[in-house]
Q: 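Submitted below is the structure of interest, expressed as structure tokens.
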Amino acid sequence: MFETLKEQPADKILQLMQLYREDPREQKIDLGVGVYKDASGNTPVMRAIKAAEKTLWETETTKSYTGLAGDPGFADAMVSLVLGDSVPRECVSAAATPGGTGAVRQGFDLVKMANPKAKVWVSDPTWPNHLSILKHMGMEFTPYRYFDSETRGVDFVHMIADLTAVMPGDVVLLHGCCHNPTGANLTQAQWKAVIELLLEKEAVPMIDIAYQGFGDGLDEDAIGVRMVAEKMPEVIIAASCSKNFGIYRERTGLLMTVSKDSSRSKLNQGTLNYLNRQNYSFPPDHGARLVTMVLITPELRADWAAELEEVRNSMLGLRQQLADELKRLTNSDRFDFIAQHRGMFSRLGASPEQVETLRRDHGIYMVGDSRLNIAGLNKTTVPLLAEAIVKSGV
């Protein structure tokens with residue numbers, strides 16, 4: 001049986017990590033892997049998470065299963081964090097998942113189950129795993145233009161032009177904030193225009209929000225999602241806790257469906273439960289319980305929000321420092337987009353050959369499409385990166 005298996009494409013980021021580990025140079029910089037790092041290069045456990053974990057260790061009395069959708073308290077806390085008061089709670093169904101990736105996969109499963117003929121529209125570029133999962137599932141998808149390689153901003157005119165071809169029942173996949181891999185976000189006015197188009201086309205938005213709190217703030221980063229949830233009759237939302245709670249390895253996510261007709265919520269919830277049962281039965285609980293404890297305990301929530309602000313402002317500071325250093329070296333404002341982007345990532349706009357030059361000649365490791373992880377920098381390495389970018393002719 002196994003003789004029929006074929007070699008699968010190697011993960012490019014994992015390959016990049018291996019090359020980085022094998023590089024003997026001291027002045028090498030890893031800007032590839034998509035995790036937050038502090039100035040020392042560590043991915044720390046957040047203070048509030050550590051405190052919640054200690055309390056949980058002291059008070060937890062069982063490791064028995066939770067429900068098929070996970071602990072209801074986790075769903076309530078996350079729905080409130082992501083959606084605020086944009087929609088009544090009874091209009092939202094939710095199920096815990098293994099990470100944001102699990103939520104995305106379950107969301108696609110939901111689409112396939114509800115409308116097998118639905119086409120999924122994805123931004124060009126998008127997080128590679130979106131495309132990998134869709135291909136694996138045999139689902140039809142079409143790219144829509146999103147990123148302007150000249151301005152390094154959102155190519156909104158062409159985005160809207162492409163989305164005019166969306167058909168009723170199609171799904172349009174959107175990034176809630178801190179677009180991965182570009183860092184270029186929609187404005188509120190652009191969100192409004194997208195909503196109007198989707199309403200006109202009778203399409204269903206699916207939003208992947210993985211970086212809430214990393215861009216402009218917890219509530220500010222959720223504005224687009226909340227606008228969509230408030231205006232659209234149906235929405236699918238995949239949320240991740242990996243980044244903003246720093247619990248990557250705990251695999252904590254939530255899939256939500258919003259239906260303006262609250263009478264459908266019971267059916268939606270039963271469907272989410274069913275999908276969980278077919279995939280992994282009961283979702284993991286440890287990370288979800290920590291998140292719940294942090295969000296419902298005032299002292300922990302305040303400390304978490306404060307530390308998350310420190311993380312956000314640190315990345316904004318590095319963005320500004322890099323943009324300023326590049327302006328000094330080039331006497332040009334063509335890299336100002338780096339300071340305007342939000343989240344961990346920016347797409348530099350370098351060619352694959354220039355990315356290879358950065359790696360080979362300067363020890364700068366980034367993904368081949370020139371996505372760089374701002375959080376992989378610190379105040380000392382920013383000048384080194386800026387100098388390497390200029391020398392490589394980017």
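Just so you know, these numbers come straight off a predicted model, no measurement behind them. The figures here come from the full heavy-atom set of this structure, side chains too, leaving out hydrogens, waters and symmetry mates.
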Q: Any chain of hydrophobic side-chain contacts (each under 4.5 Å) joining V87 to V225?
A: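 In one cluster: yes.
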Q: What's the verdict on ring-ring contact (aromatic ring centres under 6.0 Å, His included) for F147 and H179, showing C-alpha distance, side-chain angles and the deciding distance?
A: CA-CA 10 Å; F147 188 65; H179 186 274; 7.9 Å; no
Q: Given side chains that start at C-beta, do those of M139 and P116 come closer than 4.5 Å, heavy atoms only?
A: no
Q: Does D23 come within less than 4.0 Å of R25, counting only side-chain N to carboxylate O?
A: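 Here D23 pairs with R25 in a salt bridge, since their nearest N and O are under 4.0 Å apart.
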Q: Excluding sequence neighbours, so at least two apart, what forms ring pair (Phe, Tyr, Trp, His ring centres under 6.0 Å) with H341?
A: F337
Q: For the pair K50 and E53, evaluate salt bridge (Lys or Arg N to Asp or Glu O under 4.0 Å) and give the outcome as yes or no after the intermediate values.
A: CA-CA 5 Å; K50 199 79 169 175; E53 206 152 29; 5.6 Å; no
Q: Any side-chain heavy atom of M113 sitting closer than 4.5 Å to one from D109?
A: no
Q: What closest approach, in Å, do L218 and Q212 show between heavy atoms, and which atom pair accounts for it?
A: O-NE2, 3.0 Å
Q: Ring-plane angle category for Y211 and F345, please: parallel below 30°, perpendicular beyond 60°, tilted otherwise.
A: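 It falls in the perpendicular class, over 60°.
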Q: Does some side-chain heavy atom of D170 sit less than 4.5 Å from a side-chain heavy atom of W121?
A: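 With C-beta onward as the side chain, the pair touches.
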Q: Any Lys/Arg nitrogen of R264 or E234 sitting under 4.0 Å from an Asp/Glu carboxylate oxygen of the other?
A: yes
Q: Could you check if a side-chain atom of K135 sits within less than 4.5 angstrom of a side-chain atom of F141, using non-hydrogen atoms only?
A: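 Answer yes - side chains close enough.
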Q: Could you check if a side-chain atom of T182 sits within less than 4.5 angstrom of a side-chain atom of P125, using non-hydrogen atoms only?
A: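 The answer is yes, as the side chains (C-beta and beyond) meet within the 4.5 Å cut-off.
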Q: Measure across Y280 and A96 and return the closest heavy-atom pair with its distance rounded to 0.1 Å.
A: OH-O, 3.6 Å
Q: Considering all heavy atoms of both residues, which atom of A375 and which atom of V35 are nearest to each other, and what is their separation?
A: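 In terms of heavy atoms, the two residues are closest at CB-O, 4.4 Å.
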Q: Answer with yes or no whether the side chains of S346 and R319 bring together a donor and an acceptor at under 3.5 Å.
A: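 A pair is found: one side chain offers a donor N or O, the other an acceptor, under 3.5 Å apart.
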Q: With a 4.5 Å cut-off on side-chain heavy atoms, are T330 and F335 touching?
A: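 The answer is yes, as the side chains (C-beta and beyond) meet within the 4.5 Å cut-off.
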Q: For E310, does its backbone N or O pair with a side-chain atom of N313 as donor and acceptor, under 3.5 Å?
A: no
Q: To the nearest 0.5 Å, what is the distance between CG (L326) and CG (L322)?
A: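 So the gap between those two atoms works out to 4.5 Å.
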Q: Sequence neighbours excluded, which residues qualify as ring pair (Phe, Tyr, Trp, His ring centres under 6.0 Å) partners of Y144?
A: none
Q: Using a strict threshold of under 4.0 Å (side-chain N to carboxylate O), is an ion pair present between D148 and R152?
A: no
Q: Answer yes if the side chains of N180 and R371 hold a donor-acceptor pair under 3.5 Å, and no otherwise.
A: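 A pair is found: one side chain offers a donor N or O, the other an acceptor, under 3.5 Å apart.
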Q: Would you say the side-chain atoms of D208 and W127 include a donor-acceptor pair closer than 3.5 Å?
A: no
Q: Any chance the side chains of E22 and Q18 put a donor and an acceptor closer than 3.5 Å?
A: yes
Q: Pick one: which of V228, L255, L83 meets side-chain contact (heavy atoms from CB on, under 4.5 Å) with I237?
A: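 Going through V228, L255, L83 one by one, the side-chain contact (heavy atoms from CB on, under 4.5 Å) with I237 is satisfied by L83 alone.
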Q: Contact between T97 and P283 at the side-chain level, heavy atoms closer than 4.5 Å - yes or no?
A: no
Q: Just by modelled atom types, is the N42 backbone N or O under 3.5 Å from a matching donor or acceptor in the S40 side chain?
A: no
Q: What's the separation between atom CZ in F156 and atom CG in L163, rounded to the nearest 0.5 Å?
A: 8.5 Å
Q: I374 versus L31: any side-chain heavy-atom pair under 4.5 Å?
A: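 No; the side chains remain at least 4.5 Å from each other.
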Q: Shortest non-hydrogen contact from L300 to A51?
A: CD2-CB, 3.7 Å
Q: From D85 CG over to S80 OG, what is the distance, rounded to the nearest 0.5 angstrom?
A: 8.5 Å
Q: Look up atom OG1 in T380 and atom CD in Q27, then write down how far apart they are to the nearest 0.5 Å.
A: 10.0 Å
Q: Determine, for K327 against D324, whether the closest basic-nitrogen to carboxylate-oxygen distance falls under 4.0 angstrom.
A: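 Judged by the 4.0 Å cut-off on N to carboxylate O distance, K327 and D324 do not form a salt bridge.
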Q: Which atom names give the shortest non-hydrogen contact between K231 and I195, and what distance separates them?
A: CB-CG2, 3.6 Å
Q: Distance only, no hydrogens: is a donor on one side chain within 3.5 Å (strictly under) of an acceptor on the other, for N268 and S265?
A: no
Q: Check E309 with R312, please: is the shortest side-chain N to carboxylate O separation under 4.0 Å?
A: yes
Q: Would you say Q269 and N273 are linked by a side-chain donor-acceptor pair, where the criterion is simply a distance under 3.5 Å?
A: yes
Q: What's the spacing between L267 CG and T257 OG1 if we round to 0.5 Å?
A: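 Nearest 0.5 Å value for the CG-OG1 distance: 9.5 Å.
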Q: Can you label the angle between the F245 ring and the W304 ring as parallel, tilted or perpendicular, going by 30° and 60°?
A: parallel
Q: Show which side-chain atoms of residues 382-394 pair as donor or acceptor with protein atoms under 3.5 Å away, not counting sequence neighbours.
A:
unit_1	atom_1	unit_2	atom_2	d
E387	OE2	K391	NZ	2.9
S392	OG	A388	O	2.8

Q: What distance do L372 atom CG and D30 atom CG have between them, rounded to the nearest 0.5 Å?
A: 11.5 Å
Q: Testing D216, N185, D221 one by one against R342 for a side chain to side chain donor-acceptor pair (under 3.5 Å), which residue passes?
A: D216
Q: Counting only heavy atoms not in K260 (residues, nucleotides, ligands), do more than 12 fall under 6.0 Å from its NZ?
A: yes
Q: Using the salt bridge (charged side-chain N to carboxylate O under 4.0 Å, His left out) criterion, which residues pair with K119? Sequence neighbours excluded.
A: E140
Q: Salt-bridge test for D303 and R47: reply yes if a basic N is under 4.0 Å from a carboxylate O, no otherwise.
A: yes
Q: Is it true that a side-chain atom of T297 and a backbone atom of M293 form a donor plus acceptor pair closer than 3.5 Å?
A: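 Yes, T297 side chain to M293 backbone: donor-acceptor pair under 3.5 Å.
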Q: Tell me, please, which residues at least two apart from S149 pass side chain to side chain contact (heavy atoms under 4.5 Å, CB included).
A: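 Applying side chain to side chain contact (heavy atoms under 4.5 Å, CB included) to S149 gives none.
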Q: Who pairs with H362 by ring pair (Phe, Tyr, Trp, His ring centres under 6.0 Å), at least two apart in sequence or on another chain?
A: none
Q: Nearest heavy-atom pair of A288 and F74: which atoms, and what distance?
A: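 Looks like O-CD1, 3.4 Å.
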Q: Relative to each other, are the rings of Y20 and Y365 parallel, tilted or perpendicular (30° and 60° limits)?
A: perpendicular
Q: Is Q8 reaching over with its side chain to a backbone N or O of K6, donor-acceptor style, under 3.5 angstrom?
A: yes
Q: For a quick check under 3.5 Å, do D261 and S263 share a side-chain donor-acceptor pair by atom type?
A: yes
